[in-house]
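The block underneath contains the structure these notes are about, expressed in structure tokens.
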Amino acid sequence: MTDQQSFRYDPQAVEAKWQARWAERHTNEPDLDAAARPFYNLMMFPYPSAEGLHVGNMFAFTGSDVYGRFKRLQGFDVFEPIGFDAFGIHSENYAIKLGIHPAELIPRNIANFTRQLTRVGGMFSWRNVLSTTDPAYYKWTQWLFLQLYTSGKAYRKHGLVNWCPECKTVLANEQVINGFCERHPDTKVEQRALQQWYFRITDYAERLLANLDDRSKMDWSDTTTQAQRNWLGRSEGAEIDFAVDGDCGAIRVYTTRPDTLYGATFMVLAPEHPLVAQLTTDAERATVEAYRGQVAALDLVSRKVGDKEKTGVFTGAYAVNPATGGKIPIWIADYVLMEYGTGAIMAVPAHDERDFAFAQKFGLPITRVLARAGRDADAPMLEAETDTAGYALVHSGQWSGRPADEALQEITAWLEREGHGTRTVRFRLYDWCISRQRYWGPPIPIIHCPTCGPVPVPEADLPVLLPPIDDFRPDDSGISPLARHEEWYFVPCPECGAQGRRETDVSDTFLDSAWYYLRYPNTDIDDRPFDSARTARWCPVTMYIGGNEHAVLHLLYSRFIAMVLHELGHVLFEEPFTKFRAHGLIVKDGAKMSKSKGNVVIPDEYIAKWGADTFRMYLMFLGPFQEGGDFRDSGISGPRRFLEKVWDLVGQCEHVTLAGQEVHQSVVVKRHQTVKKVTEAMEALSYNTAIAALMELLNTMRETNCSERHIVKDMIVMLAPFAPHFSEECWERFGGVTTVFSASWPTWDEGLTVEDMMDIPVQVNGKTRGKVRVPRGAEEAAIAAAAMQQDAVKRFTEGKELRKQIYVPGRLLNLVVG
RNA sequence: GCGACCGUGGCGGAAUGGCAGACGCGCCUGGCUUAGGACCAGGUGGGGAAACCCGUGGGGGUUCGAGUCCCUCCGGUCGCACCA
């Protein structure tokens with residue numbers, strides 16, 4: 001006790017010492033070519049913002065790091081890389097705001113992030129750090145584009161974008177505020193059709209969906225797979241042709257409800273539908289053109305926002321309902337989207353809410369074709385009745401009276417037989433537009449030649465460097481910033497040598513992040529994106545932890561890219577992330593941390609005051625990792641006090657010379673219980689309960705005045721994932737020579753997790769009335785007999801008949817009397 | 001609107017259908033101190049002197065037994081959202 005002063009726990013000193021040692025000794029850099037038990041522990045890499053990492057990021061990274069360290073203690077060769085997702089519109093906009101070039105800003109931010117990530121004690125293999133903005137990286141992002149292009153998975157088509165007439169540039173959806181440009185609040189944003197590059201992700205829709213249910217390929221959080229299922233949006237239905245009246249053409253629609261065919265009383269086409277011009281009668285032409293102009297003037301966000309008042313106009317043309325033979329009017333309306341289905345619908349106002357609203361507004365006929373069994377087939381339609389269960393068809397010719405679900409199949413079969421339609425599967429998923437009309441991204445490696453068309457840049461010429469132009473902001477000319485840089489823009493065609501022009505679009509940041517996990521183990525290789533032997537050793541990623549905000553796009557795009565690479569023979573696996581878990585969100589004062597709310601907590605000051613280990617423990621203790629929690633200053637002293645008590649306990653061990661002293665059975669049991677509990681909790685990412693179990697063990701040790709060296713050493717090992725520097729120092733005090741992470745995770749003996757005597761609660765009619773202490777494994781009869789002796793039990797059983805006796809072995813005895 | 005998740009002390013949160021509130025914060029009492037926002041010991045869901053009674057958003061159900069399962073209503077969080 002006397003020299004405790006000199007051995008006071010000083011987190012700043014301990015943490016600096018071990019961070020320096022880890023770096024010197026390359027403690028966290030596994031041998032990528034020889035590791036025997038590779039475990040790829042990946043966390044979603046950050047976008048290096050100017051503000052630095054906030055507590056939310058630290059929470060996510062720490063949780064992932066804790067898991068990686070746990071796996072390492074279990075004997076795996078853990079590879080835990082980190083990098084920076086530094087391209088994109090955020091960086092560019094921020095740079096524009098400050099007037100500093102992103103190429104200057106980003107390295108500064110990365111340096112700051114690196115400092116913070118080191119300071120918090122992550123087990124990162126710094127040798128493998130990467131940034132997506134590094135030409136050595138984006139060279140291979142461009143290579144990846146070419147792989148897709150040459151295999152026919154990349155193509156160009158016109159797509160709609162938000163266009164600000166004032167900035168004369170393209171805006172992302174989040175830059176459009178209530179239909180106005182975020183930088184020009186008086187300027188309405190329009191839609192414009194531009195030639196853009198797309199990837200054929202829709203070709204893989206079925207496989208992307210099917211693999212979600214294949215546990216051998218992917219073990220993911222349910223919330224995440226569910227989000228992907230919704231996004232893929234598989235639906236079954238039929239495509240049906242409606243002949244145009246007085247014309248030889250037909251309009252094809254997609255519907256999931258062929259059972260309601262007899263109720264189709266009009267048709268609606270998307271305003272952009274190619275047949276509109278041809279169908280429109282002279283009398284309606286002016287109105288139709290005006291409406292189409294009006295829709296085009298809207299931005300994409302306002303157009304798609306739901307619950308909007310329906311608008312639309314009549315084209316003057318009619319179609320024929322193939323079932324009824326009746327003439328039905330053809331309208332155009334912006335609630336029908338060109339991107340989905342066929343861009344045209346059969347409107348069944350009686351049984352579709354949107355069609356109902358439209359019919360009401362424009363006075364179109366509403367015909368009921370479904371009614372609940374036994375109800376009036378002519379009951380007025382007060383609202384759209386969209387259910388099918390318990391409904392049968394009415395006013396539907398030969399199918400009247402048939403249950404809706406059966407009629408759906410039968411009518412579809414009839415349509416196919418008669419040549420009016422085909423059974424079809426549709427996905428909500430659309431092709432991935434990877435074009436960005438911006439500066440801060442990897443140039444798409446294509447050269448446009450007047451005679452050869454788009455020609456890929458030869459692999460030997462990669463990377464196509466992003467030219468370091470000063471004026472990278474979009475200007476009034478409407479020309480992409482890259483096109484203004486003539487010596488870059490004009491190049492000879494690689495095929496014919498004629499003067500060509502470079503593609504001026506850069507690629508989406510989601511392409512950068514769709515393959516970064518492949519690059520990490522190969523950052524030292526510069527003649528190919530990844531080495532096949534290394535990739536086979538480390539990939540797919542063993543455990544991936546990240547935010548559910550990326551549940552759909554990032555994770556789906558990464559899966560798609562892996563499938564393409566697999567198909568092209570570049571990788572052996574089809575699914576890139578074997579296990580994925582989403583972490584929760586840290587809130588502050590009940591609100592999500594955000595700059596606008598001004599409640600962002602910067603971790604640096606907490607680490608300076610409490611130390612990284614205490615900070616890490618606090619983050620992991622404040623709530624379940626997969627659910628997040630509320631960050632408040634008040635709780636952080638708990639974990640710090642805990643560490644100080646453990647520190648003192650280690651100090652006591654150092655003074656105990658007596659070996660093999662008798663350890664009380666209750667402590668031994670507690671030790672085995674704790675190892676079991678902590679091990680299981682770590683695997684389940686239930687870090688808060690793992691820490692609670694360690695605290696319980698410490699409390700038991702203190703209460704029984706026990707400082708048994710082996711138990712304390714086990715405790716230090718179990719603590720190491722949470723408080724790595726602290727544990728290293730304690731380990732060294734115990735005589736450890738290299739690192740605590742070369743120790744092995746403690747094991748438990750199931751038989752020692754229970755004491756010789758057990759307390760069995762006794763219930764009478766389900767209410768606890770007493771407790772009996774019996775030897776482990778006691779017979780039910782003996783326990784019941786002992787229970788009956790208890791006064792509290794007697795009080796409730798006396799004079800009553802024992803109707804039933806329930807004994808849950810080792811847990812509880814319930815006496816049912818009456 | 002659709003889908004998923006969640007409502008437990010003063011607070012963060014624990015509980016394979018089996019003693020509700022582990023663990024921590026805070027608070028209370030005492031000790032040690034010139035002092036305490038340090039440390040140590042004890043206490044801490046509500047009511048009650050006690051025996052006991054009540055208690056996991058509200059209501060109903062299944063069960064010997066429900067925070068946990070089912071139905072329903074209320075409240076909240078997160079996705080998706082005119083997807084035919």
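- With G3(B), A84(B), C53(B) as the choices, the nucleotide that has an atom nearest any side-chain atom of I345(A) turns out to be A84(B).
- The distance between the ring centers of F427(A) and Y204(A) does not fall below 6.0 angstrom.
- Here F726(A) and Y9(A) bring their ring centres to under 6.0 angstrom of each other.
- Annotation: G37(B) and C27(B) have their P atoms spaced 9 Å apart (nearest Å).
- The 5' end of RNA chain B is approached more closely, in terms of each residue's nearest nucleotide, by T768(A) than by the other of T768(A) and I806(A).
- Here the side chains of L232(A) and L208(A) are in contact, with some heavy-atom distance below 4.5 Å.
- When the C1' atom is used for both G21(B) and G46(B), the distance is 13 Å, rounded to whole Å.
- You'll find the ring centres of F59(A) and F625(A) inside the 6.0 Å limit.
- At a cut-off of 3.5 Å, with distance as the only test, no side-chain donor of T311(A) or Y335(A) sits close to an acceptor on the other residue.
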Check nucleotides 24-26 of chain B against the protein and report each pair of N or O atoms closer than 3.5 Å, with its distance, or say if there are none.
| residue | atom | partner | partner atom | Å |
| --- | --- | --- | --- | --- |
| G24(B) | OP1 | N699(A) | ND2 | 3.2 |
| C25(B) | OP1 | R641(A) | NE | 3.0 |
| C25(B) | OP1 | R641(A) | NH2 | 2.6 |
| C25(B) | O2' | S634(A) | O | 3.2 |
| G26(B) | OP2 | R641(A) | NH2 | 2.9 |

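- Side chain of R616(A) to main chain of P721(A): a donor-acceptor pair is present (N/O by atom type, distance under 3.5 Å, no hydrogens or angles).
- Atom-to-atom, CG of N705(A) to P of A41(B) comes out at 10 Å; the value is rounded to the nearest Å.
- A distance-only check finds no donor-acceptor pair linking the side chain of S396(A) to the backbone of L393(A) [under 3.5 Å].
- R234(A) and E206(A) are joined by a salt bridge, as a carboxylate oxygen and a charged side-chain nitrogen come within less than 4.0 angstrom of each other.
- Taking the side chain of R769(A) as heavy atoms from C-beta on, and the options C52(B), G13(B), G3(B), the nearest nucleotide is C52(B).
- The listed nucleotides are C52(B), C23(B), A84(B); the one nearest the side chain of E696(A) is C23(B).
- As a whole-Å value, the separation of L649(A) CG from C39(B) C1' is 17 Å.
- U56(B) sits 23 Å from C78(B) when the C1' atoms are compared, rounded to a whole Å.
- Residue E339(A) contributes atom CD, which lies 10 Å from atom P of C82(B) at whole-angstrom precision.
- Comparing G13(B), C64(B), C19(B) against the side chain of K804(A) picks out C64(B) as the nearest.
- Here F621(A) and F722(A) keep their ring centres 6.0 angstrom or further from each other.
- With a glycosidic angle no further than 90° from 0, G9(B) counts as syn.
- Residue K771(A) places its side chain closer to C19(B) than to any other of C52(B), G12(B), C19(B).
- For E353(A) and C82(B), the CD to C1' distance is 10 Å, given to the nearest whole Å.
- Within a heavy-atom distance below 4.0 Å of RNA chain B, no residue of residues 232-242 of chain A is found.
- For R632(A), counting side-chain heavy atoms from C-beta on, the closest listed nucleotide (C53(B), A22(B), G12(B)) is G12(B).
- Put simply, CG on D222(A) is 20 Å from P on C78(B), counting in whole angstrom units.
- Straight-line distance between the C1' atoms of G60(B) and G10(B): roughly 32 Å, to the nearest whole Å.
- Note on R640(A): nothing from the nucleic acid sits closer than 4.0 angstrom, heavy atoms only.
- Between G58(B) and G3(B), the two C1' atoms lie 25 Å apart (nearest whole Å).
- Ion pair R632(A)/D630(A) flagged as a salt bridge, since at least one NZ, NE, NH1 or NH2 atom sits closer than 4.0 Å to an Asp/Glu carboxylate oxygen.
- With F266(A) as the fixed residue, the ring-ring contact (aromatic ring centres under 6.0 Å, His included) test singles out one of F362(A), F314(A), F358(A), F356(A): F358(A).
- For the pair N548(A) and C78(B), the criterion of a side-chain N or O lying under 4.0 Å from OP1 or OP2 is not met.
- Taking the C1' atoms as reference points, G12(B) lies 15 Å from G7(B), given to the whole Å.
- In this model, no donor atom of one side chain and acceptor atom of the other lie less than 3.5 Å apart for E696(A) and Q673(A).
- Base contact: Q763(A) has a heavy atom under 4.0 Å from a base atom.
- For the C1' atom pair drawn from U8(B) and U68(B), the interatomic distance equals 12 Å after rounding to whole Å.
- Between the C1' atoms of A4(B) and C82(B), the separation comes to 22 Å (whole Å).
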| request: Using Watson-Crick or G-U wobble pairs with both distances under 3.5 Å, give me RNA chain B in dot-bracket, 5' to 3', with [ ] for crossers and | for pairs to another strand. | output: (((((((..(((.....[....)))((((((.......))))))(((....)))..(((((..]....))))))))))))....
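- A salt bridge links E309(A) and K361(A); the closest N-O separation between the charged side-chain nitrogens and carboxylate oxygens is under 4.0 Å.
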| field | Stepwise side-chain contact (heavy atoms from CB on, under 4.5 Å) check, M718(A) with T674(A) | value | CA-CA 10 Å; M718(A) 289 189 285; T674(A) 304; 4.2 Å; yes
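- Residue contacts for V336(A): at a heavy-atom cut-off of 4.0 Å it reaches a base atom on one of the strands shown.
- An OP1 or OP2 oxygen of C54(B) is reached within less than 4.0 angstrom by a side-chain nitrogen or oxygen of K767(A).
- Separating the CZ atom of R702(A) from the P atom of C23(B) is a distance of 14 Å, rounded to the nearest angstrom.
- Atoms CZ (R229(A)) and P (G3(B)) sit 15 Å apart, rounded to a whole Å.
- Distance from the side chain of W231(A) is smallest to A81(B) among A81(B), G3(B), C19(B).
- In this structure, R795(A) reaches the sugar-phosphate backbone alone: every heavy-atom distance under 4.0 Å involves primed, P, OP1 or OP2 atoms, never a base.
- Counting to the nearest Å, the C1' atom of A20(B) and the CG atom of L812(A) are 14 Å from each other.
- Of the candidate nucleotides C82(B), C64(B), A84(B), C64(B) has the atom lying nearest to any side-chain atom of N814(A).
- Judged by distance alone, the side chain of D355(A) and the main-chain N or O of V348(A) form a donor-acceptor pair under 3.5 Å.
- If you check G18(B), C80(B), A41(B) against the side chain of R428(A), the one that comes closest is C80(B).
- Annotation: of the two residues near RNA chain B, V808(A) and Y340(A), the 5′-most nearest-nucleotide partner is V808(A).
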